[in-house]
There are 2 protein chains.
Amino acid sequence: MTPQHGAPAFPLGDGVIVLEIAFCRKPFAIAMSVESTLFLPELREMLAENNQAELKEFCEALPPARTADFMSGLTPQEVWTVLQHAKLETRAEIFTYLDHAIQVEVISTQDLDQVAKLISELAADDRVDVLNDVEPDIVKDILSRMPAVERRDILRLQAYPEGTAGSVMTTDVAKLSEHLTVREALDELAHQAGDLETIYYLYIVDEGNHLQGLVSARQLVANINKPQRKLSDLMEKELVAVKATDDQEEVARKVAKYDLLAIPVVDEERRMLGIITHDDVIDVFREEAIEDAQRSAAIAPLEQGYLRTPLLTLSWKRGMWLVILFFAGLFTAFTLERYEGRVQTWPWLVIFLPLIVSVGGNSGNQSATLIITGLASGEVSIRDWARVVVRELMIGLLLGSFLAACGFIAAWLLKEEARSWNTALIVPCTIMLVVTCGAMAGALLPLIFKRLGLDPAMMSNPFVAGLIDILGIIIYMNVALWLLQ
Amino acid sequence: MTPQHGAPAFPLGDGVIVLEIAFCRKPFAIAMSVESTLFLPELREMLAENNQAELKEFCEALPPARTADFMSGLTPQEVWTVLQHAKLETRAEIFTYLDHAIQVEVISTQDLDQVAKLISELAADDRVDVLNDVEPDIVKDILSRMPAVERRDILRLQAYPEGTAGSVMTTDVAKLSEHLTVREALDELAHQAGDLETIYYLYIVDEGNHLQGLVSARQLVANINKPQRKLSDLMEKELVAVKATDDQEEVARKVAKYDLLAIPVVDEERRMLGIITHDDVIDVFREEAIEDAQRSAAIAPLEQGYLRTPLLTLSWKRGMWLVILFFAGLFTAFTLERYEGRVQTWPWLVIFLPLIVSVGGNSGNQSATLIITGLASGEVSIRDWARVVVRELMIGLLLGSFLAACGFIAAWLLKEEARSWNTALIVPCTIMLVVTCGAMAGALLPLIFKRLGLDPAMMSNPFVAGLIDILGIIIYMNVALWLLQ
């Protein structure tokens with residue numbers, strides 16, 4: 001959510017600039033300019049001697065995000081006690097900046113009437129995020145202590161599945177009628193400013209709450225000297241809107257593409273449900289980046305962080321892929337079995353086997369990643385396949401020949417079996433071929449997966465690796481056969 | 001940059017919702033509801049018959065971002081011709097949504113007086129992005145045709161190295177004196193609204209242009225009925241500010257952390273240089289995500305996209321890592337050489353060698369990625385190392401034993417040499433150990449790299465792979481020796 005006062009908070013991780021201009025007369029100024037945790041002892045002392053005054057100052061003097069920083073390391077109980085010294089509004093703000101795990105624990109363990117009050121103060125999207133990880137019975141109990149309106153709002157938001165627009169939207173949005181004048185709109189905003197997620201986009205809805213258009217605060221201000229102008233004259237009718245059921249990644253892409261501050265979320269009948277703001281979009285992108293990284297390492301994306309995911313869930317999300325890759329790997333065993341004769345005749349070949357397999361894997365992994373990221377950012381499209389092939393072929397040959405040279409020297413030094421004209425060529429020729437084929441395969445597989453409507457990020461890298469291992473063995477063994485007979 | 005009118009554009013990729021409410025009477029409505037490129041023929045026809053009216057409507061009727069979409073596929077020359085039918089302001093807006101490559105070509109090939117006019121209209125940060133990829137001589141020529149103020153502004157921004165705050169900031173920012181009243185501030189904004197990147201944060205500077213504080217449009221609107229209030233009463237003095245030389249990723253993190261709309265960029269003396277807005281921050285996050293993916297695939301991050309990077313640059317950025325990994329891989333050869341005797345005594349062991357190596361690599365890669373992403377998102381810290389070890393140990397044992405079972409069956413079926421009590425245990429025991437050690441190593445190496453102040457993302461995955469290959473071979477050979485003697 002966006003902090004209630006648009007004004008940003010106080011930066012201390014990187015004190016220098018700012019320290020001069022602020023807080024230097026405050027007792028914890030020095031502590032603050034360095035690592036947050038250094039302030040923990042002072043904080044614990046205030047708690048121990050229950051120093052109302054200092055605790056109050058601590059809560060109110062600092063911007064909420066910083067206060068939250070300094071509280072990291074406190075137990076949920078301590079956090080709660082400290083928060084009691086803040087006004088309810090500030091308390092809610094500090095709370096939103098606390099670590100998610102702490103938020104959940106506080107809510108699960110503290111006095112529910114107080115908690116219910118706190119939750120009512122939170123932004124609609126934030127409170128749902130937290131409640132989703134709290135015991136259902138406790139949630140029910142908390143909801144029963146909240147005003148009916150907010151209870152219904154929470155239940156409605158909770159209904160949207162993880163990863164949909166509905167699950168990240170907030171309902172604190174400025175909805176106005178097109179019949180209002182600029183002046184009336186400004187007054188209305190002045191009145192609501194405190195409770196809204198953003199006052200910078202005002203959405204125009206009809207009596208049936210159907211989204212009609214948008215007026216930006218920018219337009220209101222630009223027309224401040226024409227106070228009688230109707231919003232209907234100003235409003236932008238052609239809106240980007242998303243459905244509550246849309247994928248959050250799609251939504252985020254759209255906000256990024258059109259450089260929006262917020263995007264409206266509507267239902268099938270285009271009734272206004274809420275908005276998703278720029279800061280939530282940033283969170284979505286960061287989430288998705290992590291998920292992609294996990295997919296390309298053959299891990300089914302985790303809903304929570306690494307440390308918070310239960311061991312069994314984590315094992316399952318990794319295990320299922322390890323097993324798939326294991327069976328892919330089995331093919332290398334089958335392949336090698338076919339060549340067992342040759343291996344026994346020229347056992348020294350074995351020595352370079354893992355090297356050759358890994359060289360191919362690395363070059364394939366590079367191409368795959370470049371194409372996958374290219375597809376994701378939209379720079380590469382399936383139509384470019386021919387250009388991709390040419391590029392990879394040339395790069396493969398270039399890098400392949402250089403590595404082949406290294407391989408030649410290595411083999412020469414390592415084994416005298418590899419010093420006759422024919423044996424000496426086995427390793428370099430193989431490396432050359434493996435690197436080139438690896439690059440081509442690595443680049444083409446993601447394109448093929450994309451074409452088939454599969455997610456390149458999820459399948460390609462592990463798949464590429466497995467395939468290239470086999471490829472490498474086959475190439476190696478046949479090059480050897482060809483040169484030795 | 002943020003579009004001049006805060007109002008968002010027209011979403012067609014996902015027509016459904018929106019088509020009903022707009023454009024249905026426009027000639028290209030149907031074309032628009034499907035793939036943008038389908039409209040290309042009509043557009044080319046307009047150009048062919050030089051249909052002024054329709055081209056004009058095409059440029060002006062649609063929101064700029066959409067117009068740009070529909071022009072994708074046109075040659076730079078055609079793009080330029082179409083743009084001539086738009087008002088200069090609209091032209092500049094459409095231009096900012098064009099593909100970067102097209103922008104560069106247009107600027108490099110068209111009439112420089114016209115181009116100079118266009119560039120003067122662009123947002124300060126956007127025009128620098130484009131000019132950075134245009135031939136220096138052409139840039140010089142263009143600059144010489146621009147007003148001195150803007151020329152200086154461009155040269156100043158160009159001076160900041162890629163990846164710094166200065167290189168992504170814009171100088172179109174609202175700077176006001178603290179002595180203004182709310183009313184005066186609003187009038188000033190109403191006056192400037194058109195030219196500013198954002199009117200939602202107003203920065204308060206003194207005569208020396210030193211950053212004093214911030215007043216948000218939210219605060220102005222909230223005080224609209226106290227028009228005589230001074231900005232100095234409202235202004236937030238404790239600002240997050242960044243230096244022009246700060247790393248853009250750091251800046252982006254800060255904006256995300258404090259949920260800011262924009263962050264001010266200052267020099268050493270805290271003089272206001274410009275701002276970085278939320279939409280630029282989103283771009284930074286997307287860039288960084290791609291760079292991380294490339295690093296973890298052992299590619300030195302590309303400045304431009306895959307297709308736009310020259311072949312030699314691309315080969316170098318991949319090659320240097322391939323070579324490093326090749327020499328890491330050589331150790332597998334050295335290791336195997338030490339065990340050559342055993343391989344010759346029990347040649348069937350070779351068959352499972354690549355499988356065992358890859359199983360270890362996969363499990364290590366999974367752990368490494370989980371820890372790297374955990375470190376990046378701040379969920380995992382070096383202090384958690386003990387928890388990490390315990391988790392990886394347990395997961396390793398769990399997955400290891402399951403895969404060992406699969407390995408036992410596979411070995412049993414594949415080779416009758418692996419059917420006596422002792423030989424039958426070689427493959428499963430090895431897999432068990434390799435998976436567990438792989439998981440531990442994969443998790444610990446990023447933590448160690450982090451501790452050493454190195455970038456975990458860049459080093460760990462490839463490094464892990466190489467190390468685990470060797471580990472796998474050693475374990476395999478010794479388990480075999482131990483069980484067979």
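Labels below follow one simple rule: chain letters A, B, ... track the order of the sequence lines, proteins then strands, and each chain is numbered from 1.
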Contacting region of B:I470 [heavy-atom separation from chain A under 4.5 Å]:
neither
If you count heavy-atom pairs under 4.5 Å between each of A:D469, A:D187, A:L312, A:L403 and chain B, which one has the most?
A:L403
Where on B:V343 is there a heavy atom nearer than 4.5 Å to chain A: the side chain, the backbone, both, or neither?
side chain
Which distance, rounded to the nearest 0.5 Å, do you find between the CZ of B:F327 and the CG of A:L355?
10.0 Å
Quick check on B:D384 against chain A: is it the side chain, the backbone, both or neither that has a heavy atom closer than 4.5 Å?
side chain
Taking all non-hydrogen atoms of both residues, which atom of B:A333 and which atom of A:L414 are closest, and how far apart?
CB-CD2, 3.7 Å
Given the options B:T335, B:I356, B:I473, A:P354 meets side chain to side chain contact (heavy atoms under 4.5 Å, CB included) only with B:I473
Highest number of heavy-atom pairs under 4.5 Å with chain B among A:A328, A:P347, A:A289 belongs to A:P347
Can you list the residues that meet the side-chain contact (heavy atoms from CB on, under 4.5 Å) rule with B:A410, with sequence neighbours excluded?
A:L330
Should the pair A:K257-B:D69 be classified as a salt bridge under the 4.0 Å nitrogen-to-oxygen rule?
yes
Assert top hit (heavy-atom pairs under 4.5 Å, partner chain A, pool B:S358, B:A411, B:S363) equals B:S363
Could you check which of A:N223, A:V281, A:L307, A:V323 has the highest count of heavy-atom pairs closer than 4.5 Å to chain B?
A:L307
Contacting moiety of B:E379, where chain A heavy atoms sit under 4.5 Å
both
Side chain of B:E340, backbone of A:I351: donor and acceptor closer than 3.5 Å?
no
Looking at A:R286 and B:E288, is any side-chain nitrogen of the basic one under 4.0 Å from a carboxylate oxygen of the acidic one?
no
Between B:M235, B:Q344, B:E337, which residue shows the highest count of heavy-atom pairs closer than 4.5 Å to chain A?
B:E337
Using a cut-off of under 4.5 Å on heavy-atom pairs, state which of B:A293, B:A217, B:G213 scores highest against chain A.
B:A217
One should read off an interatomic distance between B:H278 NE2 and A:D259 CG, to the nearest 0.5 angstrom, of 7.5 Å
Heaviest contributor of heavy-atom pairs below 4.5 Å to chain B, chosen from A:V215, A:T332, A:V357, A:D99, is A:T332
So, taking the atom named CD1 in A:I290 and the one named OG1 in B:T373, what distance separates them when rounded to the nearest 0.5 Å?
5.5 Å
Please rank A:V350, A:N365, A:L398 by heavy-atom pairs under 4.5 Å with chain B and give me the top one.
A:V350
A:F326/B:N362 under side-chain contact (heavy atoms from CB on, under 4.5 Å): CA gap, chis, key distance, verdict:
CA-CA 9 Å; A:F326 177 86; B:N362 292 333; over 6 Å; no
What distance separates B:Y200 OH from A:Y200 OH, expressed to the nearest 0.5 Å?
8.0 Å
Top contributor to chain B contacts, counting heavy-atom pairs under 4.5 Å, from A:I371, A:V380, A:L311, A:I282
A:L311
Tell me, side chain or backbone of B:F402 under 4.5 Å from chain A's heavy atoms, or both, or neither?
side chain
Mind checking side-chain contact (heavy atoms from CB on, under 4.5 Å) for A:L302 and listing every partner two or more places apart, or none if nothing turns up?
A:Q294, A:I299, A:T309, A:L314, A:K317, B:L370
Closest-packed option against chain A by number of heavy-atom pairs under 4.5 Å, given B:V255, B:L220, B:V359, B:N225:
B:N225
Is chain A contacted by the side chain of B:S315, its backbone, both, or neither, given a heavy-atom distance below 4.5 Å?
both
How long is the gap from CG on B:L322 to CG on A:L399, to the nearest 0.5 Å?
5.5 Å
Engaged part of B:I431 at the chain A interface, taking heavy atoms whose separation is under 4.5 Å:
side chain
For chain A, which of B:F334, B:F331, B:F352 has the most heavy-atom pairs under 4.5 Å?
B:F334
Less than 3.5 Å apart, any donor N or O on the side chain of B:R318 or A:S367 sitting next to an acceptor on the other?
yes
Which portion of B:L353 sits near chain A, non-hydrogen atoms under 4.5 angstrom:
side chain
Do any N or O atoms from the side chain of B:R391 and from the backbone of A:Y306 form a donor-acceptor pair under 3.5 angstrom?
yes
